[in-house]
Amino acid sequence: MTTPRVRFAPSPTGYLHVGGARTALFNWLFARHSGGTHILRIEDTDRERSTAEHTKVILDGLSWLGISWDEGPYFQGEYASRHRADAERLLAAGKAYRCFCTREELDAQRSQADASGMGFRYDRRCYRLAAVEVAARVSAGTPSTIRFLLDDEEIAWNDAVHGRISFQGRDLDDFVILRSDHTAIYNLAVVSDDIDMGITHVIRGDDHISNTPKQIALYRAFGYNPPVFAHVPMILGSDGKKLSKRHGATAVGDYQEQGIFPAAMRNFLALMGWSPGGDREIMTEPELVRLFTLEGIQKKAAVFDTTKLEWMNGQYLSALPASELLQPVRRQLARMGIGDSRDLAPLIDSVKARSRTILHVAEQVAVRLDPSRSSPDAKGEALVRKMGAAFSGNLSLAGAALEGLQAGEWNAGRLLETLRALAESNGLKLGDVMQPIRVALTGSTVSEPVNELLEVVGRDNSLNRISETARRLGGGVSAA
RNA sequence: GGCGCUAUCGUCUAGGGGACUAGGACGGGGCCCUCUCAAGGCCCAAACACGGGUUCGAAUCCCGUUAGCGCUACCA
C-alpha cells in the first residue's frame, strides 16, 4: 500500500470554524498515524467571497492548534487552467456538453418544477442540440457552460465511516463543471486537484456525501480510481442545529481569546465524533496520533458542549506548573491593561485550582494584585446584606488584629493563628471573620483559604482594602 | 417534494448476539472535608426512539415507522 496522502481543503470565505478545525485535525491525525502526507489546499475559487484575511486567519488557527501540513498551502485558484483543460477534455470525449441555457432560463425552469411539486432536473435540452447549431452559437460568441453528462447507473462506494453508500444516476443532475467565464465549479476543481495531487483518502464533513457520487462519476470519466472517502459527522450547536454565530463562539480564534489551551482544544475536538474506545478522554498528542483510526469515527453528529471544553481546559490548567502559565497570563493581563512587576507565580498557584481558563486566572490574579479592582458579585452582596452591621464590624476587628502583624510575619501560618485567636476571643465563628475579608478582597464568597489570600495579596494592599471597605459599609460609624 | 445520512443518559461516548441489574466523562443533585468554593473524596438520579422480524438469546443483525440533519446553484 502506498503511503496515504490527505488534504484539508478549507475555503477562505469565513473564519476557521470548529467544524473545519476538527476536519483538519482528523486529516492531520490520520496522516501522522499512518506516516502519510498532510496537504493544505485553500479552495479560493469563489472569488466573490474569498479573502486573503480569511486565509491568514485559517492558517493562524491551524498553527495555534498545532496542526501542521507537509505540503502547501496550495491555492486552488492557481490551477484554473488545468481545471479548464480537464473540462474541455471531457467535452471532447463526449462525456460533457455545452449548455447555453442562461441563469434566468434555468431559474424559471426550477421555479416551474417547484410549483408543480416535482423535483428539478436539467432536461438536457442543450445536449440534444445538433452539432452545427452548437458550433454556430459558439462562433457567434454565445456564452455557455459545460455540463457533465451523467449516466444513469449506480454509483456506490464503501465509505470508511458509513460503510456502503449508493446513489442512482437518475436521481442526480447533469451538473455544470465549467462556468461561462471558464472557471471551474467545486466538484470539478476538487476532483481535478485531488487527482493531480495524488490524494488517497478524502476525509471531510458528511455534508459532502451528496457531492460524492458526482465526484466519483468524474473520476470514472477521467479514468482514475476514486480515493477512499471518510465522511465525518457534523458538529452541531446546543439546539441540535448546524453550528452558527447564534451559538456564540464558533471560531477557533474565539477560544484562543478565552484562554483555552491549544492542547485542550485539540484533545476536545478529537473527541467530537471520534473515540479511541473505552474510557480514555485526556490524551497527549502522541497518544492521539497513536490511537487515531478512521474506524473509530462516529456516524452521528455531535453537539459542541462548551462546558465540557472548559472542564477539559481546567484539567490541563491544573496539570501545568505556574511557571508555564506565566507567559499566557501576562499576555491576558496586558490585554486587560495591567502591567506588573511582581512575581506572578504564587498568585497563579493560588487561583489556578479554581479556574478553567487562562482568562479566568488572569482576572483573579488582577484582583489579587490590586483588590480595589474587585467588585462584589451577587453572592458577595448577599453576604453583606445578610450580615448587616456585623459585616463591617467584624471587618474592622479583623483589620485591627491583622495590623499587629509586621511585614515579616505576614504569612499564611501566622495569619491563620491570628484570625483564629480573634474569632475565639470574640466568640465568633471562624467564618464570621473570614467571609467578610474574602468579600472585601475579592468581591466574592469564593476563593482560596482566606489566610492564603491575605498572604498573596500582601500586607499593605490587604489592610488598606479592609479598612476602606469597613469604612464604606460601616457608614462612617465605627463598630469597634 | 426528491435523494441521502443518522438514531444509547440533557451532552460527549463505551458497547460490535450471551460478560448489561447498559460502563465512563461533562453537567445536575446529595454527603464528606471545611472559613467559602467553581478544588478534592464519596454517593445518587439519568439512556438503548417506536414497531415488527432473525435467533435458544438482541443495545448489538434485518425490515418498516417516526424524528433530526444534510444536499438538491454558472457556492464551497
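Residue numbers start from 1 in every chain, and the chains themselves are labelled A, B, ... in the order their sequence lines are given, proteins ahead of strands. Bear in mind the structure is a predicted one, so any value in this text is a computation, not a measurement.
- Going from atom CG of L269(A) over to atom P of rC12(B) covers 14 Å, rounded to whole Å.
- Following rounding to the nearest Å, Y186(A) (OH) and rC75(B) (C1') show an atom-to-atom distance of 11 Å.
- With a cut-off of 3.5 Å on both pairing distances, rU36(B) has no Watson-Crick or G-U wobble partner at all.
- Between the C1' atom of rA39(B) and the CD1 atom of I348(A) lies a distance of 17 Å, rounded to the nearest Å.
- Taking a pair to require two hydrogen-bonding distances under 3.5 Å in either a Watson-Crick or a G-U wobble arrangement, rA49(B) pairs with rU65(B).
- Look at rU11(B): its Watson-Crick or wobble partner, with both distances under 3.5 angstrom, is rA25(B).
- Taking the six-membered ring where the residue is Trp, Y97(A) and Y122(A) present parallel rings, their angle staying beneath 30° rather than reaching 60°.
- Using a 4.0 Å cut-off, no side-chain N or O of Q168(A) falls inside it from OP1 or OP2 of rG2(B).
- Across all strands shown, rC42(B) forms a Watson-Crick or G-U wobble pair, both distances under 3.5 Å, with rG30(B).
- For R438(A) and T442(A), the side-chain atoms include no donor-acceptor pair closer than 3.5 Å.
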Within the sub-3.5 Å range, which N or O atoms of nucleotides 70-73 of chain B have a protein N or O partner, and how far apart are they?
| residue | atom | partner | partner atom | Å |
| --- | --- | --- | --- | --- |
| rC71(B) | O4' | S210(A) | OG | 3.1 |
| rC71(B) | O2' | S210(A) | OG | 3.1 |
| rA73(B) | OP2 | R110(A) | NH1 | 3.3 |

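- Side-chain polar atoms of D193(A) and H83(A) form a donor-acceptor pair below 3.5 angstrom.
- Checked by atom type, the side-chain pair R204(A)/T212(A) shows a donor-acceptor distance below 3.5 Å.
- With 3.5 Å as the limit, one finds no donor-acceptor pair spanning the side chains of Q76(A) and D44(A).
- A160(A) and A230(A) make their closest contact through CB-CB, 3.8 Å (heavy atoms, listed as atom of the first residue, atom of the second, distance).
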Letter per nucleotide, 5' to 3', of nucleotides 22-35 of chain B [B base touched, S only sugar-phosphate touched, - untouched; heavy atoms, 4.0 Å]
-BBBSS-------B
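- Across all strands, S238(A) comes closer than 4.0 Å to no nucleic acid atom at all (heavy-atom distances).
- H208(A) pairs by the ring-ring contact (aromatic ring centres under 6.0 Å, His included) definition with Y186(A), not counting sequence neighbours.
- Nucleotide rG1(B) is matched to rU72(B) when pairs are restricted to Watson-Crick or G-U wobble geometry with both distances under 3.5 angstrom.
- Distance alone, capped at 3.5 Å, is enough to place a donor-acceptor pair between the N313(A) side chain and the G259(A) backbone.
- Following rounding to the nearest Å, D171(A) (CG) and rG2(B) (P) show an atom-to-atom distance of 11 Å.
- At a cut-off of 3.5 angstrom, the base of rC74(B) holds at least one donor-acceptor pair with the side chain of S180(A).
- Searching all strands for a Watson-Crick or G-U wobble partner of rG18(B) with both distances below 3.5 Å returns rC56(B).
- The nearest whole Å value for the distance from the CZ atom in F8(A) to the C1' atom in rA76(B) is 12 Å.
- In this structure, NE2 of H231(A) is placed 12 Å from P of rU6(B), rounded to the nearest angstrom.
- A parallel orientation is assigned to the rings of W157(A) and F167(A), their planes being inclined by less than 30° (bins at 30° and 60°).
- Note: CG (D377(A)) to P (rU36(B)) measures 16 Å, nearest angstrom.
- Annotation: cation-pi pair R22(A)/F26(A) present, NZ/CZ under 6.0 Å from the ring centroid and within 45° of its normal.
- Dashed line: the shortest gap from a side-chain N or O of K300(A) to OP1 or OP2 of rU8(B) is under 4.0 Å.
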